[in-house]
Amino acid sequence: MRPDAWWAQPLLIFVGLSTFIAYSTWAAFQGQHYYSGPYLSPFYSPEFFGDSPHSWFGPKPSWWPAWMIWSPALLILWAPGGFRLTCYYYRGAYYKSFWSDPPACTVGEPRKHYRGEQSFPLIMQNVHRYFLYLAMLFLIFLSHDVWKALWFADSSGKASFGIRVGTIVLALNVIFLGGYTLGCHSFRHLVGGVLDQLSRAPARQKTYNCVSCLNRRHMLWAWMSLFWVGFSDLYIRMCSMNIWTDLRIL
Ligand code: FES
């Protein structure tokens, strides 16, 4: 009975998320053009094994199955992917836009029984808080990538301090991902205390309120960080392929 265009938002979300999933899957399977100078694409960071100078443990491991496509991104992307997939905001968004269950807020659905997230498979969404721990680790790795993006080798191979557009791109990526990760509902309860009793007041009200500032705009942070992490990969890919020039600012 909703007379407004209630379907517009789920449709936009469907288009936005599908575009991101298509691009990030394509980029993750490329296995090349993911680094340029001191920059490493956030889709490939941390690079445990790989051919770039950023690799921690050397080239492709011998235990990798011969029949499987190899890309350093495949070793790590499950963690940030799982974090977003189980995010409270994204769940509400993709339940509506991908399988119309429910189609939108206060829009009726054809079936009678609501099973919620209390049974398999959706009960698995409760792993979100564990993905949060991993996501926080990724923030550290990505911040270190920004530090590395401040040092550029000259013709003699000596690294000197500088700031280029790519540095700014990677720094913004950490800011947006930080705003998204540290505004997580689970993080609010982690730092605010009372982890699993939402009806009780948080034990540490001030920190709870502090995280709530970010949490109030969680949807905005979610979309900004999603767009920017994809753009960061694209930027580094274009620089690596010599299609875009990385301008020096400082
Ligand atoms: Fe969205 Fe945790 S609720 S990241």
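Just so it is clear, the structure is predicted and the values come from calculations on it, not from any experiment. Counting starts at 1 for both ligands and their atoms, following the listed order.
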With a cut-off of 4.0 Å, which atoms of ligand 1 are near a heavy atom of [X]?
{"X": "Cys87", "value": "1 (Fe), 3 (S), 4 (S)"}
{"X": "Tyr88", "value": "1 (Fe), 3 (S)"}
{"X": "His128", "value": "2 (Fe), 3 (S), 4 (S)"}
{"X": "Cys184", "value": "2 (Fe), 3 (S), 4 (S)"}

Would you check if the side chain of Ser52 reaches a backbone N or O of His54 as a donor-acceptor pair within less than 3.5 Å? yes
Can you tell me if Ile69 has over 12 outside heavy atoms packed within less than 6.0 Å of its CD1?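 Incorrect, the count does not exceed 12.
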Crowding at CH2, Trp67 (>12 non-hydrogen neighbours, <6.0 Å): no
Working to the nearest 0.5 angstrom, can you tell me the gap between Trp70 CH2 and Trp64 CH2? 5.5 Å
Under 2.8 Å from atom 1 (Fe) of ligand 1, can any N, O or S atom of His185 be found?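 No.
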2.8 Å cut-off met by an N, O or S atom of His218 to atom 1 (Fe) of ligand 1: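 An N, O or S atom of His218 is closer than 2.8 Å to atom 1 (Fe) of ligand 1, so yes.
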Test the Arg84-Tyr180 pair against the cation-pi criterion, namely NZ or CZ under 6.0 angstrom from the six-membered ring centroid and within 45° of the ring axis. yes
Contact partition for Phe83 relative to ligand 1, non-hydrogen atoms under 4.0 Å: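 For Phe83, only side-chain atoms sit under 4.0 Å from ligand 1.
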Relative to the ring of Phe57, is the ring of Phe48 parallel (under 30°), tilted (30 to 60°) or perpendicular (over 60°)? parallel
For Tyr90, is the nearest heavy atom under 4.0 Å from an atom of ligand 1?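 For ligand 1, residue contact (heavy atoms, under 4.0 Å) with Tyr90 is absent.
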